[in-house]
Amino acid sequence: MDIKINIFTDKFNPESYILNRSFYERDTSLVAKELLGKILLVKSQKNNFSDEICAGRIVDIEAYYGLNDPASHASHGATPRARIMFETPGISYVYFCYGNHYIINAVSEKYGTAGAAMIRAVEPLSGLSLMFERRKTGTIRNLTNGPGKLTKAFGINKDFNGLDLTDVKSKVMIIDGGKLNLFPTMEKIEIISKPRIGIRNGADKLLRFYIKENDFVSHK
DNA sequence: ACCACGATGAACT
DNA sequence: GTTCATCGTGGTC
């Protein structure tokens, strides 16, 4: 697991790789499963002339629905916090958790229906020095193998709430790594389905999905 | 006004 | 494997 890809510089143009809105405007479990293997990209401003890009391959994710999902923030309707889960598919939902951590989701389903895929872990690809700096850890595996860890490594905070993941001008987006031929063995990945982590209600449903035998999956 | 409970991580043993 | 700091959110009284 010695991956370091340097194509994601400030010169990289995601135009032809970015996922479009119709990708997200579907059933949340399907969106979550298909986000496995895709690449989360965040631009951090380095100085006035260039950005530093943090990139990571999504390896662990959970699906949250709306009114009929008791574990979901949207289970009680469009409250101030959860309102964004009912809005445009393909935007981000970032919330503050346990008084310490930010968690990032991709909003799914059609406008007016709540749904979001929560990114639990990524495999770091680019911007590793910046991630090490932010995370203050010595091991690559500890950089992004948890939902709160990856947001810290990528510099994601509440200012990222509601940003359009389908817009190349956003500072956060999701692209299709398969189109870049970065992972020739991608079609062989095996997806494991498990109950979601850290919830009581709705724990019977298998709405967590992760890539089998990936070192960066959290809470195995 | 009050309270229970986390879509967690870190630091332990 | 274990414990626990920490605080926003939403439900209930």
Side-chain angles (χ1 to χ4, degrees), chain A residues 24 27-33 35-36 38 40 54 56 58-87 89 91-109 113-124 131-163 165 172 174 191-211 214-220:
Chain A
Y24 299 96
D27 172 76
T28 305
S29 293
L30 191 61
V31 171
K33 277 185 248 185
L35 279 174
L36 290 175
K38 302 298 190 291
L40 178 68
C54 288
I58 298 169
V59 299
D60 190 354
I61 198 159
E62 288 176 357
Y64 287 86
Y65 288 92
L67 299 171
N68 296 319
D69 182 356
S72 172
H73 288 165
S75 63
H76 299 286
T79 61
R81 178 175 65 171
R83 193 182 64 238
I84 199 153
M85 288 181 66
F86 291 81
E87 294 184 10
I91 62 175
S92 63
Y93 167 38
V94 177
Y95 68 92
F96 192 57
C97 177
Y98 288 106
N100 284 299
H101 318 290
Y102 293 101
I103 311 287
I104 186 165
N105 301 246
V107 172
S108 56
E109 308 282 348
T113 301
M118 169 199 168
I119 302 174
R120 284 198 60 81
V122 305
E123 179 180 312
M131 294 187 200
F132 275 116
E133 210 173 289
R134 286 171 171 151
R135 286 277 300 126
K136 308 194 191 318
T137 177
T139 62
I140 291 181
R141 208 180 87 81
N142 248 329
L143 240 31
T144 54
N145 64 337
K149 295 181 188 180
L150 77 91
T151 53
K152 189 166 186 192
F154 278 62
I156 293 168
N157 56 39
K158 62 176 164 37
D159 296 337
F160 284 67
N161 193 31
L163 298 186
L165 300 169
V172 57
I174 300 177
I191 298 176
I192 307 290
S193 302
K194 281 276 170 26
R196 293 169 291 182
I197 304 282
I199 57 159
R200 284 159 177 259
N201 294 329
D204 52 322
K205 298 182 183 66
L206 304 181
L207 292 176
R208 178 185 177 213
F209 310 103
Y210 61 84
I211 295 178
N214 184 282
D215 284 349
F216 296 90
V217 168
S218 87
H219 206 288
K220 270 193 271 202

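By convention in this document, chain letters (A, B, ...) are assigned in the order of the sequence lines, proteins followed by strands, and residues within each chain are numbered from 1.
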>> From CD1 of A:Ile61 over to P of B:dA7, roughly how many Å is that when rounded to an integer?
In response: 17 Å
> Of the nucleotides C:dG8, C:dG10, B:dT8, which one has an atom closest to the side chain of A:Pro80?
Replying inline: C:dG10
>> In whole Å, I'd like the distance from the NZ atom of A:Lys136 to the P atom of B:dA11.
In response: 13 Å
> Should C:dT6 form a Watson-Crick or G-U wobble pair with both distances under 3.5 Å, which nucleotide is its partner?
Replying inline: none
>> Can you confirm whether A:Met118 sits close enough to A:Asn105 that some side-chain heavy atom of one is under 4.5 Å from a side-chain heavy atom of the other?
In response: yes
> Atom OH of A:Tyr102 and atom C1' of C:dT6: how far apart are they, to the nearest Å?
Replying inline: 13 Å
>> I want to verify a distance call: between B:dG9, C:dT6, B:dA7, whose nearest atom is closest to the A:Asn100 side chain?
In response: C:dT6
> Whole Å only: how far is the OH atom of A:Tyr98 from the C1' atom of B:dA4?
Replying inline: 12 Å
> So what does A:Phe96 touch, heavy atoms closer than 4.0 Å: a base, only the sugar-phosphate, or nothing?
Replying inline: sugar-phosphate
> Hey, does the side chain of A:Arg81 come within less than 4.0 Å of C:dG11's phosphate (OP1/OP2), counting only N and O?
Replying inline: no
> For the ring pair (Phe, Tyr, Trp, His ring centres under 6.0 Å) test, which of A:Phe96, A:Phe154, A:Tyr93 pairs with A:Tyr102?
Replying inline: A:Phe96
> Quick one: is B:dA7 close enough that its OP1 or OP2 comes under 4.0 Å of any side-chain N or O from A:Arg120?
Replying inline: no
> Any side-chain N or O of A:His76 under 4.0 Å from OP1/OP2 of C:dG11?
Replying inline: yes
> Given B:dA7, C:dC7, B:dG9, which nucleotide is nearest the side-chain atoms of A:Asn105?
Replying inline: B:dA7
>> So A:Ile192 and A:Val217, do their side chains get closer than 4.5 Å, heavy atoms only?
In response: no
> Nearest-Å distance, CE (A:Met118) to C1' (B:dT8)?
Replying inline: 8 Å
> Can you find a pair of side-chain heavy atoms, one from A:Glu87 and one from A:Val107, that are under 4.5 Å apart?
Replying inline: no
> Separation of A:Ile84 atom CD1 from C:dT9 atom P, in whole Å?
Replying inline: 13 Å
> Any side-chain N or O of A:His73 under 4.0 Å from OP1/OP2 of B:dA7?
Replying inline: yes
> Which one of A:Phe86, A:Tyr65, A:Tyr95 satisfies the ring pair (Phe, Tyr, Trp, His ring centres under 6.0 Å) criterion with A:His73?
Replying inline: A:Tyr95
> A:Asn157 has an atom CG; how far is it from atom C1' of C:dG8, in whole Å?
Replying inline: 16 Å
> Quick one: does A:Tyr95 reach the base of B:dA7 with a side-chain donor-acceptor pair under 3.5 Å?
Replying inline: yes
>> Taking any heavy-atom pair under 4.0 Å as a contact, classify A:Ala82: base, sugar-phosphate, or nothing.
In response: sugar-phosphate
>> Could you tell me how far apart A:Leu150 (CG) and B:dT8 (P) are, to the nearest whole angstrom?
In response: 12 Å
> Given that both distances must come in under 3.5 Å, which nucleotide forms a Watson-Crick or G-U wobble pair with B:dA7?
Replying inline: none
